[in-house]
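Computed from a prediction, not measured in an experiment: that's the story for all the values here. All chains are named by letter (A, B, ...) in the order of the sequence lines, taking the proteins before the strands, and each is independently numbered beginning at 1. No hydrogens, no waters, no symmetry mates; every other heavy atom, side chains included, goes into these values.
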Protein chains: 2
Amino acid sequence: MTSIDDVAASLGVSTATVSRALRGLPGVAEETRARVTATANKLGYVPSSSASGLASGRTMAMGVLVPVIDRWYFSAVLEGVDRQLRAAGYDLIVFSLGGDGVNRDRVFHRSILRKRIDALLVMCMHLTEEERTAVQELEYPNIVIGGAVEGVRHVGIDDARAARDAVEYLIGLGHTQIAHMRGGGSFDIDFEVPRLREQAFRQTMADHGLPVREDWSAFGDFRFSTSRSSALKLLADPLHRPTAVFCSSDEMAFGVLKAAAELGIAVPGQLSVIGIDDHEFAEPMGLTTIRQDPADQGAFAADLLLGELLRHEPSEYPPSRPHLLVERQSTGPVGA
Amino acid sequence: MTSIDDVAASLGVSTATVSRALRGLPGVAEETRARVTATANKLGYVPSSSASGLASGRTMAMGVLVPVIDRWYFSAVLEGVDRQLRAAGYDLIVFSLGGDGVNRDRVFHRSILRKRIDALLVMCMHLTEEERTAVQELEYPNIVIGGAVEGVRHVGIDDARAARDAVEYLIGLGHTQIAHMRGGGSFDIDFEVPRLREQAFRQTMADHGLPVREDWSAFGDFRFSTSRSSALKLLADPLHRPTAVFCSSDEMAFGVLKAAAELGIAVPGQLSVIGIDDHEFAEPMGLTTIRQDPADQGAFAADLLLGELLRHEPSEYPPSRPHLLVERQSTGPVGA
DNA sequence: GTGAAAGCGCTAACAT
DNA sequence: ATGTTAGCGCTTTCAC
């Protein structure tokens, strides 16, 4: 591995000059800079991140803490985060808890603190008191993406408002018999989001003087298969069936659509279904939904931290990211 | 940030002892080790990865190069890789090309070489001649996951065999009018996989004396929505319609199923559909498919590199990972 | 505009 | 079993 000394020696200049030249610092003659850049390229020199990290205190890497990687929302956020980091020349380190309880401790008390990253993004998930404290005590910039975590800055959509918009859309279509397919529960993803959406559902129904039937609160676990099973039961009785289902996520909405198809229930004729997310499959499935853009949220959060790293002063508290109702073919007037 | 000197000073021992004790090296009295561990915890000491990386030459991090993060296969592989890395105390650094051409160069010639990682996993994707060379010249262990890349070691399923198994399953059910929904094309994912699967489809058909109709080779781009659109055309004419569709991925199979539903074509009565992957949605969708396990592939590859890092000698060339036909409700005898 | 030199916080030989 | 010491490859004052 060729080092900065090789470049310096090969040019007969000092390592300081090479360092300055390559990092675009002022106080280097343009001609010198050009020569340095040229030989660096020729020799295939790339600075060691360990060495420059140690010397400068900046690692040029950002960490993202996720409960799991391979779920729609999380991987989409990662994509957005990565986009901004790439543009800024930062590397992306992913700390995944992987549903593993044993691992959590190591992640919180070793990995994250190892001086390997300059800033940390925490994906919405349930944190213990102690973990929250650990995050808050981090000496570098950090932020939560998605659901709110008490005492930590966060960026995301206004979940309550998004859920309300969905439910009021159904109500506006004349629906009064509305069921809720709820998420939450499994592994570490039992953050605020499912709670906020459920609460907003109940509140909105109440605000419109509509009853909430407890047996129409189905558990879908934010998953297609769980939701399908639940919906199969929810929709089984043709005589006592909701005319609409508000789903706390698109994946669960797909489960409801599948169940309806299996039961021969026409959508939207006999049943309206609305989701939240605007998942990649929502458009081809014709699913009406509340669009959110996880990649945008990730990018926004990453930019915010990048800015703080640059300016050495905290940004303003971030506003909610937008959401948008997208009307498709899975919803229609009641009894149409 | 408390350093190793703080711990050493606080105990009146040398930094070397602290280092040895904490890393579990031999030659430390158990009593000393206990005291060191205790004060390290008390002081909240965590070794700086930059410093230990610089001193030891090991970064305790592994890199994964992906074309994009947020697609089923890639995020599932990442999950598997991460599982093993976590267990081994390694951190995961994700280098994503993000479909961005400009970025590729930086990734290949800076990030990857920055002495930030001890080994590299490359996800199957199209690499230019020069990029392949760059990977091959890497001085640390590396391997490709998924499709083969010439001259680089790789781990994955036997794609040709998987496709053949799928097609022969359809043929075994009596189908002769078989269409192919193919992938490939978009962004950097135009690797070997789509080509291998298509070729195997053609070869298998030929081996059984069956014709391949060019207008039944539909392009699904490995995506639900593209596949649905293509299938809508493919299946439009009730008189000249395949009785079965072999899909190079499950997501495309979902698109075919959706198109069939929209066209009122009964599955499997009038149309059999088979995929490859066993995507999370395949079971609830009742999709017959060839199961592969990307997380297993990622874990396998990570383990292999981890082993080489430990033993300092190359592993045997890895065998193909297994695939498995999973029969569900989307396939049936022809004309049933 | 450039160079010399002192670290950054560890690890690894080499001593003891 | 433990301590001493010389780096690892940079960045960053401080000189010139």
Side-chain angles (χ1 to χ4, degrees), chain A residues 1-37 39-40 43-61 89 91 110 113-118 139-140 309, chain B residues 1-37 39-40 43-61 89 110 113-118 139-140 309 312:
Chain A
M1 204 81 260
T2 107
S3 80
I4 197 172
D5 296 288
D6 300 328
V7 180
S10 148
L11 249 68
V13 299
S14 72
T15 63
T17 298
V18 175
S19 177
R20 283 191 280 251
L22 257 23
R23 286 181 302 148
L25 295 187
V28 179
E30 273 319 310
E31 191 247 323
T32 313
R33 194 187 302 278
R35 288 172 53 225
V36 169
T37 311
T39 29
L43 300 181
Y45 167 70
V46 176
S48 148
S49 62
S50 294
S52 72
L54 181 57
S56 70
R58 284 168 266 103
T59 64
M60 294 302 278
D91 286 328
R110 312 230 137 242
L113 308 163
R114 264 212 199 167
K115 208 98 201 72
R116 174 159 276 174
I117 56 179
D118 294 336
E139 83 277 29
Y140 43 72
L309 251 18
Chain B
M1 205 79 265
T2 108
S3 81
I4 197 172
D5 296 288
D6 299 328
V7 180
S10 149
L11 249 68
V13 300
S14 72
T15 63
T17 298
V18 175
S19 177
R20 281 191 283 252
L22 258 24
R23 285 182 300 150
L25 295 187
V28 179
E30 274 318 310
E31 192 246 323
T32 313
R33 194 188 302 277
R35 288 171 53 224
V36 169
T37 311
T39 30
L43 301 181
Y45 167 69
V46 176
S48 147
S49 62
S50 296
S52 73
L54 181 56
S56 70
R58 283 169 268 101
T59 63
M60 294 302 278
R110 311 228 138 243
L113 307 163
R114 263 211 200 171
K115 210 99 201 70
R116 173 160 277 173
I117 57 178
D118 295 335
E139 83 277 26
Y140 44 71
L309 250 19
H312 297 289

Completion exercise
Separation of dA1(D) atom C1' from R33(B) atom CZ, nearest Å, is 11 Å
Exercise for the section: Classify the nucleic acid contact of R114(A) as base, sugar-phosphate or nothing, counting any heavy atom under 4.0 Å across all strands shown. Expected result: nothing
Practice task
Please state how far atom CE in M60(B) lies from atom P in dC8(D), giving the value in whole angstrom units.
Solution key: 22 Å
Problem - S56(A) side chain to S52(A) backbone, donor-acceptor under 3.5 Å - result: yes
Practice task
Please work out if R23(B) contacts a base, only the sugar-phosphate, or nothing of the nucleic acid, heavy-atom cut-off 4.0 Å.
Solution key: sugar-phosphate
Handout entry: Nucleotide dC10(D), atom P - distance to CG of L54(A) in whole Å
Key = 12 Å
Practice task
Examine dT12(D): is either OP1 or OP2 under 4.0 Å from a nitrogen or oxygen in the side chain of R58(A)? Give yes or no.
Solution key: yes
Practice task
Check every strand shown and say whether S50(B) touches a base, only sugar-phosphate, or nothing at a heavy-atom separation below 4.0 Å.
Solution key: nothing
Practice task
Give the first and the last nucleotide of DNA chain C, reading 5' to 3', that has any atom under 4.0 Å from a heavy atom of chain A.
Solution key: dG1(C) to dG9(C)
Completion exercise
To the nearest angstrom, the CZ-P distance between R20(B) and dG3(D) comes to 8 Å
Practice task
Find out whether T39(A) and R35(A) are in side-chain contact, i.e. whether some heavy atom of one side chain is under 4.5 Å from a heavy atom of the other.
Solution key: no
Practice task
Check whether any side-chain nitrogen or oxygen of T32(B) sits under 4.0 Å from OP1 or OP2 of dT2(D), and answer yes or no.
Solution key: yes
Exercise for the section: Check whether any side-chain heavy atom of L11(A) lies under 4.5 Å from a side-chain heavy atom of V18(A), and answer yes or no. Expected result: no
Problem - Test log, rule side chain to side chain contact (heavy atoms under 4.5 Å, CB included), inputs T59(A) and R116(B) - result: CA-CA 10 Å; T59(A) 64; R116(B) 173 160 277 173; 4.0 Å; yes
Handout entry: Note, Y45(B) side chain near D6(B) side chain (heavy atom, < 4.5 Å)
Key = no
Handout entry: Pairwise distance CG(L54(A)) to OG(S49(A)) - rounded to 0.5 angstrom
Key = 11.0 Å
Problem - Spacing of S14(B) atom OG and R20(B) atom CZ [to the nearest 0.5 Å] - result: 6.0 Å
Practice task
Could you list by number each residue of residues 4-17 of chain A showing a heavy-atom separation from DNA chain C of less than 4.0 Å, or answer none if no residue does?
Solution key: G12(A), V13(A), S14(A), A16(A), T17(A)
Handout entry: Side-chain touch S10(A)/L43(A), heavy atoms, less than 4.5 angstrom
Key = yes
Handout entry: Between P of dC10(D) and CG of L22(A), the distance in whole Å
Key = 10 Å
Problem - Length of the line joining L25(A):CG and dT12(D):P, which is rounded to integer Å - result: 8 Å
Practice task
To the nearest 0.5 Å, tell me how far R23(A) CZ sits from R33(A) CZ.
Solution key: 10.5 Å
